[in-house]
Amino acid sequence: HPAKANVYLVQAIIEYVSEPEDILLDIMAGTGTLMVGALIDRNIICVEISEKFHQIQVKALEYLENIAPGISEMISLVNMPCQLYLPIPDLANHIIFSPQYASIMKTKGTDSWNKDTGYDFQEYSKSPLNLGTMSEFIWAIEMERVYTKCYQSLTTPGSMTLIIKDHIEKGQRVLLTARAVNACIRA
């Protein structure tokens, strides 16, 4: 996956924000890193827009079931855009995810293959609801809607943890973290 979450970071977040038997939700689950939470008695819901990565999650779940029989009863895998899945009131105790960045997955013809990672970005360009294909302006509006749907899906009390990394563009630091915090406050 081009933006795979660090499993140790995800495990540390899970242990910090949740308790055994809590329901954890990742609305942009990629390969399903959040599933490690089931190994420490958390119920997991992974939502992923890409069929390719959903199938990787299915295989990962099969592997987990082999090493921890019965664990599949604690994990639900959903293959659809998070905007269509949410909101579901009181769905999760905690939402943990790494939001996509605007235009990061947009492809133009044959330049979609990344020779360094071996990843074809057209996989994520298939759905018009994919946040990574949206312009900065549309992405900001849509992310605020997504955060609102997340809040509407949390139990009380509940929490939402975002894994975000600022980046450099044209020699300037792009403060993605500040943008996300402001959008969450508005939501």
Where do [X] and [Y] come nearest, in terms of heavy atoms and distance?
X      : Y      : value
Ala60  : Met35  : CB-CE, 3.7 Å
Gln57  : Cys46  : OE1-CB, 3.8 Å
Leu34  : Leu25  : CD2-C, 3.7 Å
Gly30  : Glu48  : N-OE1, 2.6 Å
Ile71  : Glu65  : N-OE1, 3.2 Å
Ala180 : Leu162 : CB-CD1, 3.9 Å

For residues [X] and [Y]: do they belong to one hydrophobic cluster (side chain heavy atoms under 4.5 Å, members Ile, Leu, Val, Met, Phe, Trp, Tyr)?
X      : Y      : result
Tyr8   : Ile164 : no
Leu77  : Ile27  : no
Met160 : Tyr85  : yes
Val146 : Met80  : yes
Leu91  : Val17  : no

Looking at [Y], is its backbone amide N or carbonyl O close enough to the side chain of [X] to form a donor-acceptor pair, meaning the two atoms are under 3.5 Å apart?
X      : Y      : result
Asn93  : Gly158 : no
Trp139 : Thr133 : no
Ser153 : Ile88  : yes

Taking the side chain as C-beta and beyond, is there a heavy-atom pair between [X] and [Y] under 4.5 Å?
X      : Y      : answer
Lys165 : Thr177 : no
Leu64  : Ile67  : yes
Gln11  : Thr33  : no
Ile95  : Thr161 : no
Pro99  : Tyr147 : yes
Ile13  : Ile163 : yes
Val47  : Ile45  : yes
Gln152 : Leu86  : no

May I ask you to say whether [X] pairs ionically with [Y], meaning some side-chain N is under 4.0 Å from a carboxylate O?
X      : Y      : result
Glu62  : Lys59  : no
Arg42  : Asp22  : no
Lys149 : Glu142 : no

Would you sort out whether Ile44 and Met74 count as a side chain to side chain contact (heavy atoms under 4.5 Å, CB included), showing the intermediate values?
CA-CA 6 Å; Ile44 307 298; Met74 300 175 71; over 6 Å; no
Take atom CZ of Arg173 as the centre, draw a 6.0 Å sphere, and report whether it contains more than 12 heavy atoms from other residues, nucleotides or ligands.
no
Quick one, Asp26 with Ile96, criterion side chain to side chain contact (heavy atoms under 4.5 Å, CB included). Give me CA distance, side-chain angles, the key distance, then yes/no.
CA-CA 5 Å; Asp26 184 342; Ile96 303 167; 5.8 Å; no
Out of curiosity, [X] [atom1] to [Y] [atom2], how far, rounded to the nearest 0.5 Å?
X      : Y      : atom1 : atom2 : result
Ile40  : Glu19  : CD1   : CD    : 10.0 Å
Leu131 : Cys82  : CG    : SG    : 6.0 Å
Asn79  : His54  : CG    : NE2   : 4.5 Å
Ser127 : Leu84  : OG    : CG    : 7.5 Å
Ile75  : Leu61  : CD1   : CG    : 5.0 Å
Gln100 : Met143 : CD    : CE    : 9.0 Å

Dump the intermediate steps for side chain to side chain contact (heavy atoms under 4.5 Å, CB included) on Phe97 and Cys150, then the final yes or no.
CA-CA 11 Å; Phe97 74 103; Cys150 286; 4.2 Å; yes
Chi angles and distances behind the side chain to side chain donor-acceptor pair (under 3.5 Å) call for Asp90, Thr155
CA-CA 4 Å; Asp90 297 321; Thr155 61; 5.7 Å; no
Assess whether side chain to side chain contact (heavy atoms under 4.5 Å, CB included) is satisfied between Ile14 and Leu24, documenting all intermediate values.
CA-CA 8 Å; Ile14 291 167; Leu24 310 180; 3.7 Å; yes
Would you kindly say whether His94 and Ser18 are connected by a side-chain donor-acceptor distance under 3.5 Å?
no
